[in-house]
Each structure stands twice: as structure tokens, then as C-alpha cells.
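Only one structure is covered here, and it is reproduced in the block below.
Both backbone and side-chain heavy atoms feed into the values below; hydrogens, waters and symmetry mates do not. Counting starts at 1 for both ligands and their atoms, following the listed order. All values reported here derive from a predicted model rather than from experimental measurement.
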Amino acid sequence: MMQTFQNYIGGQFLDGAAWFDSIDPATNTVWARMPEARRDDVNAAVAAAKAAFWSEDWAGMTASGRGKLLLKLADLISENALRLAELETRDTGKIIRETSAQISYVAEYYRYYAGLADKIEGAHLPIDKPDMEVWLRREPVGVVAAVVPWNSQLFLSAVKIGPALAAGCTVVVKASEDGPAPMLEFARIFDQAGFPAGVLNVITGFGPECGAVLTSHADVDHVAFTGGPETARHIVRNSAENLASTSLELGGKSPFIVFEDADIESAVNAQVSGIFAATGQSCVAGSRLIISNQIKDAFLDRLKEKAEAVVIGAPDDMKTEMGPLCTVAQVRTASDLIAASTAAGAKVITGGLPMEREGNYFPPTIIDCSHAPGAPCLTNEFFGPVLSVRGFDTEAEALEIANNTAFGLASGVFTKDLTRAHRMIRGIHAGIVWVNTYRAVSPIAPFGGHGLSGHGREGGIQAALDYTKVKAVWLRTSDDPLPDPFIMR
Ligand code: NAD
């Protein structure tokens with residue numbers, strides 16, 4: 001039966017200016033009707049967030065009070081995790097095994113930021129003037145526009161909503177037009193937690209009519225964006241209108257480096273998780289295998305075996321390990337990039353063509369580019385289960401290949417040599433280095449990159465501070481008349 005969702009603005013559930021269909025990626029059939037937010041809806045959402053920001057109910061609430069509400073929200077997410085996971089699976093094609101585990105963990109992000117709310121402290125300065133007290137207040141930055149992509153929306157919004165609300169900001173989330181159902185349902189859960197109306201608003205719609213209006217809005221103070229680098233360029237241009245600060249979490253082409261002394265079975269498993277988990281639709285996908293030529297053939301044989309054994313199926317089946325890609329466009333991009341790479345001399349080891357079945361299914365693919373260093377699959381993000389391979393002979397060569405990218409998000413190093421591991425950690429240009437593991441995250445650890453992977457960090461204490469601005473307060477303690485007014489004191 002067709003389901004209908006609504007936007008959440010100022011504590012009310014509202015239809016949008018129009019409707020659009022949501023497609024089930026496993027069958028390519030319409031399953032739900034989504035509210036399309038356009039200019040008036042966006043304006044209403046920002047107005048609600050602005051009013052809430054200055055309201056006594058929110059601005060007058062203690063930091064501990066905000067923390068308690070965030071804890072309540074976390075508990076509600078835990079209670080509703082399965083329902084949210086089922087919706088995310090239905091609307092995005094992500095497998096239920098992953099969505100159910102991830103959403104349970106999303107609650108931990110809210111718990112972490114609940115605990116941080118009353119630990120965001122100002123400072124007293126040892127100022128160089130005898131009759132003056134100077135201190136810094138940390139105040140919330142204001143109205144935050146959070147724009148998220150379709151994959152892992154509950155997770156990618158939690159790392160924005162959690163620290164922003166802990167700091168005392170208010171938020172308008174723009175859910176992706178692809179798979180917005182879990183985000184709109186999340187609004188229903190948020191509504192039960194007891195926050196004042198307008199503290200969080202959730203809308204969905206398309207980039208130009210909704211995202212652009214939101215991120216250039218005069219009353220938005222900060223834009224927290226996760227998505228692709230092309231869209232990020234629009235976001236930065238939009239923010240020229242309101243001069244909002246930005247944090248950008250973008251894509252990656254992350255190197256996964258395996259030395260000859262590595263534990264092969266462990267490295268193979270990590271590589272499978274790095275590129276085939278989430279059907280490769282992960283910003284931190286370890287999509288470039290950089291492998292010692294001493295073990296390359298043996299490693300690829302084992303990896304191929306594992307890739308071909310991946311259980312591909314319906315995303316809502318607990319046994320499924322890889323589901324469909326979210327959109328038909330991604331299938332096309334993967335096919336085109338692979339064709340261009342083989343034309344450039346790369347060799348497909350397994351997979352390479354869309355699967356002949358209903359839905360956006362693409363098989364685990366390994367493509368050896370050792371003799372095609374210019375192949376486009378080495379530089380372009382696929383957002384699909386495609387692994388590009390390069391062999392190396394020396395440590396210096398491994399590092400050079402790893403850093404030969406405009407991205408700088410994540411990286412993996414597999415070696416038992418401790419000193420070499422340290423040299424690689426120092427040498428790799430990336431915001432995250434995983435050594436002898438891959439794809440591990442926690443609310444306690446900062447997450448983010450540089451270059452085409454963006455700027456700013458999500459997770460950890462700094463993320464909450466990034467939603468604050470500093471106010472310097474000067475208080476003169478002398479009762480003497482102020483001296484010479486023509487000299488700066
Ligand atoms: P996308 O960039 O196409 O869309 C992201 C969001 O931006 C959507 O909500 C979209 O509607 C909105 N948008 C589009 N045009 C806009 C405009 N002109 N102004 C304002 N908003 C606009 O990304 P996608 O295809 O949905 O997701 C995949 C991308 O996200 C990949 O590049 C992936 O690496 C990246 N990603 C990054 C991280 C990270 O944390 N670094 C995590 C997940 C995904």
C-alpha cells in the first residue's frame with residue numbers, strides 16, 4: 001500500500017508545495033509519496049528555527065536541560081530502531097543487517113552529545129590590564145541548515161543535530177530527495193522527546209528548489225553539508241549570499257594499502273568490508289587497493305573468491321550481504337567508468353557489468369589497473385562496489401600512489417611492522433588512518449577530510465564547539481574615571 005510522509009516544520013506535520021514519488025531500489029517501483037518543500041516551505045522552516053532559537057523555551061533552557069532532552073531522544077531512537085531501519089532499507093535499498101545495526105548506534109551519538117551539552121565551557125583570560133576582567137562566553141552559532149545525502153541519513157544527520165542542539169542551536173534538516181522516508185519518520189520520533197517547537201525542522205525536496213533556497217537563506221548562520229564535491233561547490237556559492245560558515249563532508253577515493261607482511265585473511269576481510277559492505281555506497285569506501293607485488297596474485301585470488309561468494313539479494317532479507325544501488329544513475333556511472341577504464345588498459349578480474357535481474361543490482365567488481373595508471377576508475381568516486389587495484393614494489397611507491405588523489409578522507413594500512421605503520425600514518429594525506437582495521441567509527445572520534453573530501457570534523461568534542469561562537473566580555477573593575485579617551489586602552 002502506498003505510504004505518505006510529511007515535512008516537520010515548527011512542531012507541525014505539513015504537506016509540501018507538491019508531491020514526489022519515492023522508488024524502491026530493489027524493484028524500481030513507486031512505494032511512497034513524499035512532500036516536496038519549495039521556497040515557501042523552506043522559508044517557514046527557517047522562520048520556525050529562528051523563532052525557536054530566540055525563544056525563552058529554548059534560549060532560556062539550561063545546558064543540562066538540553067542534555068536531558070537529547071538523552072530522551074536517544075532512548076526513543078533505541079525503542080524505534082527497527083522501524084526506522086526497515087524504512088531506510090525500503091527507501092534506499094541498504095540491507096537491513098546494516099541499517100538495523102547502524103540505527104542502534106545512532107542513539108549512541110545522541111547520548112554522547114547529551115553528555116557534552118553541559119561541558120561546553122567558556123574561559124577566563126589572564127588579561128594584561130590590572131583593572132579589567134575578561135572572559136569568553138561560548139554561545140550557539142544560530143540557525144543551522146543541515147543538508148544530507150541519501151545514504152545513512154539518520155547517521156549523517158545525527159552528527160549534525162546532536163552537537164548543534166547540545167550547543168543550543170536550532171536546525172533545519174534537508175533530507176535527500178532519494179530515500180527521505182527514514183528522516184521524515186525520525187521527525188515523528190523527535191516530536192515525542194519534548195523539545196520546544198521549531199528547535200528541529202525536517203523537510204525534503206530537490207537541490208535547486210529546496211537545498212539552494214535553504215543554504216543561501218539570510219537567516220541561516222551555519223551550513224553543515226554531507227554529499228558530493230560538485231554539490232559542495234553549489235553550497236559554497238550559496239553561502240556567498242548569507243556568509244554562513246560551512247562544514248563540508250564530501251566523498252573519497254580512499255587508499256587501502258596492504259604490505260607483504262600483513263595478516264592476509266584479516267586484510268582480505270577488511271577489504272571486503274571496505275568496498276562491498278553497503279554495496280560500496282560509503283564515503284569512506286576503501287576503493288583503491290594498493291598491494292605489494294610480492295603477494296598481489298595470492299591476495300587477489302582470495303579476494304575474488306570472497307567477492308564471488310557475497311550473498312546478493314533483497315535488502316530486507318537478514319541473510320543478504322549486498323543489496324541494490326540506490327539509484328539507476330549509479331548503475332550507469334559504474335558501467336561507464338568501467339568501460340572507460342578497460343579501454344584505457346585496465347583488466348576486470350570479477351564483475352564489471354550490471355546484473356540481469358530486477359532492481360539496481362551491480363555485482364562486486366575488482367578491476368586491476370596496474371598497467372593502466374591513467375584509468376578513470378582510479379580517480380573517480382563510484383559510490384558502488386567497484387575496487388580498483390594497483391601493485392607496488394617499495395614503501396615510497398605505495399605512499400606516492402596512495403596520495404595521488406584530490407580526495408583526503410580515509411585510508412587503511414595493513415602491516416605488522418610497527419615502525420613502517422608509523423611512517424605511513426605520518427605520510428598519508430587523509431583525515432582518518434585505520435591501521436590493521438577498516439570502517440570503524442565512534443561518536444568519540446572526529447571524522448572528516450580535506451581537499452575534495454571537504455573541511456570540518458564531525459564527531460568528538462570539537463564538533464560541538466564548532467556549533468558555537470565566542471563572545472569576548474570586558475568588565476572594568478576600577479571606580480576611577482576613564483582616562484584619556486583618545487588613546488586605545
Ligand atoms: P549529493 O551531493 O548529490 O546530494 C547531497 C544533498 O545535497 C541532497 O540532499 C541534495 O538534494 C542536496 N543538493 C543538491 N543540489 C543542491 C544545491 N544546489 N544546493 C543545496 N543542496 C543541494 O550527494 P548524494 O549523491 O546524495 O550522496 C553521495 C555523495 O555523498 C558521495 O559523494 C559521498 O561520498 C558523499 N558522502 C560523504 C560522506 C562524508 O561523511 N564525508 C558521507 C556519506 C556520503
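Ranked by closest heavy atom to atom 42 (C) of ligand 1, the top entry among Cys283, Ala285, Gly454, Gly431 is Cys283. For atom 9 (O) of ligand 1, the choice among Val148, Leu250, Val173 with the nearest heavy atom turns out to be Val148. When the heavy atoms of Glu458, Lys253, Glu381 are ranked by distance to atom 34 (O) of ligand 1, first place goes to Glu381. The option from Pro149, Ala212, Gly227 that lies nearest to atom 35 (C) of ligand 1, judged by heavy atoms, is Gly227.
Ligand 1 does not have Asp178 within reach: every non-hydrogen atom of the residue lies 4.0 Å or more from it.
When non-hydrogen atoms are compared, ligand 1 lies under 4.0 Å from the backbone of Glu249 as well as from its side chain. With a 4.0 Å heavy-atom cut-off, ligand 1 is reached by the side chain of Ile235 but not by its N, CA, C or O.
Listed by number with element, the atoms of ligand 1 under 4.0 Å from a non-hydrogen atom of Glu177 are 8 (C), 9 (O), 10 (C), 11 (O). Near Asn238, meaning under 4.0 Å from any of its heavy atoms, are these atoms of ligand 1: 19 (N), 20 (C). Shown in contact with Leu409 at under 4.0 Å from a heavy atom are these atoms of ligand 1, numbered in order with element: 41 (N). Listed by atom number, the atoms of ligand 1 under 4.0 Å from His234 heavy atoms are 18 (N). The Leu156 neighbourhood of ligand 1 comprises atoms 42 (C), 43 (C), with distances under 4.0 Å to a heavy atom of that residue. The distance from ligand 1 to the heavy atoms of Phe225 drops below 4.0 Å at these ligand atoms: 2 (O), 5 (C), 6 (C), 7 (O). Set against the non-hydrogen atoms of Phe447, the atoms of ligand 1 under 4.0 Å away are 40 (O).
Looking only at side-chain heavy atoms (C-beta outward), Phe256 and Trp434 stay at 4.5 Å or farther from each other. Looking at Lys160 and Tyr467, their side chains come closer than 4.5 Å, going by heavy atoms from C-beta outward.
Within a 6.0 Å radius of CD in Gln462, more than 12 heavy atoms belonging to other residues, nucleotides or ligands are found. No more than 12 heavy-atom neighbours from other residues, nucleotides or ligands sit within 6.0 angstrom of CD1 on Ile461. Atom CH2 of Trp54 has 12 or fewer neighbouring heavy atoms from other residues, nucleotides or ligands inside a 6.0 Å radius.
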Before giving the answer on side chain to side chain contact (heavy atoms under 4.5 Å, CB included), spell out for Val143 and Asp219 the whole-Å C-alpha distance, their side-chain angles and the decisive distance to 0.1 Å. CA-CA 7 Å; Val143 173; Asp219 290 330; 5.6 Å; no

Applying side chain to side chain contact (heavy atoms under 4.5 Å, CB included), run through Tyr438 and Ser254 and close with a yes or a no. CA-CA 11 Å; Tyr438 205 80; Ser254 299; 3.4 Å; yes

For Val30 and Met2, run side chain to side chain contact (heavy atoms under 4.5 Å, CB included): C-alpha distance rounded to whole Å, both residues' side-chain angles, the deciding distance at 0.1 Å, then the answer. CA-CA 8 Å; Val30 175; Met2 184 84 91; 3.8 Å; yes

Determine, step by step, whether Asn43 and His217 satisfy the side-chain hydrogen bond (donor to acceptor under 3.5 Å, both in side chains) criterion, reporting the C-alpha distance in whole Å, the side-chain angles of both residues, the deciding distance to 0.1 Å, and the verdict. CA-CA 8 Å; Asn43 287 341; His217 199 290; 3.2 Å; yes

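Residue Thr231 has at least one nitrogen or oxygen atom sitting less than 3.5 Å from a nitrogen or oxygen atom of ligand 1, judged on distance alone. Taking any N or O of Val147, backbone or side chain, none lies under 3.5 Å from an N or O belonging to ligand 1. Remark: ligand 1 and Thr226 share no N or O pair separated by less than 3.5 Å (distance only, no angle test). Taking any N or O of Lys174, backbone or side chain, at least one lies under 3.5 Å from an N or O belonging to ligand 1.
Remark: minimum distance from atom 23 (O) of ligand 1 to any protein heavy atom is reached at Gly228 N, 3.6 Å. For atom 33 (C) of ligand 1, the closest non-hydrogen atom on the protein side is Phe383 CE1, 3.2 Å. Nearest protein heavy-atom contact of atom 17 (C) of ligand 1 is Gly207 O, 3.8 Å. Nearest protein heavy-atom neighbour of atom 44 (C) of ligand 1: Asn151 OD1, 3.3 Å. Of all protein heavy atoms, the one lying nearest to atom 21 (N) of ligand 1 is Gly211 CA, 3.5 Å.
A donor-acceptor contact shorter than 3.5 Å is absent between the side chain of Asn28 and the backbone of Ile23.
Side-chain contact, Thr405 with His429: no donor N or O sits under 3.5 Å from an acceptor N or O. A donor-acceptor contact closer than 3.5 angstrom links the side chains of Lys94 and Ser152. Of the N and O atoms on the side chains of Asp91 and Trp31, at least one donor lies less than 3.5 Å from an acceptor on the other residue.
For Phe155 and Tyr109, the gap between ring centers is short of 6.0 Å.
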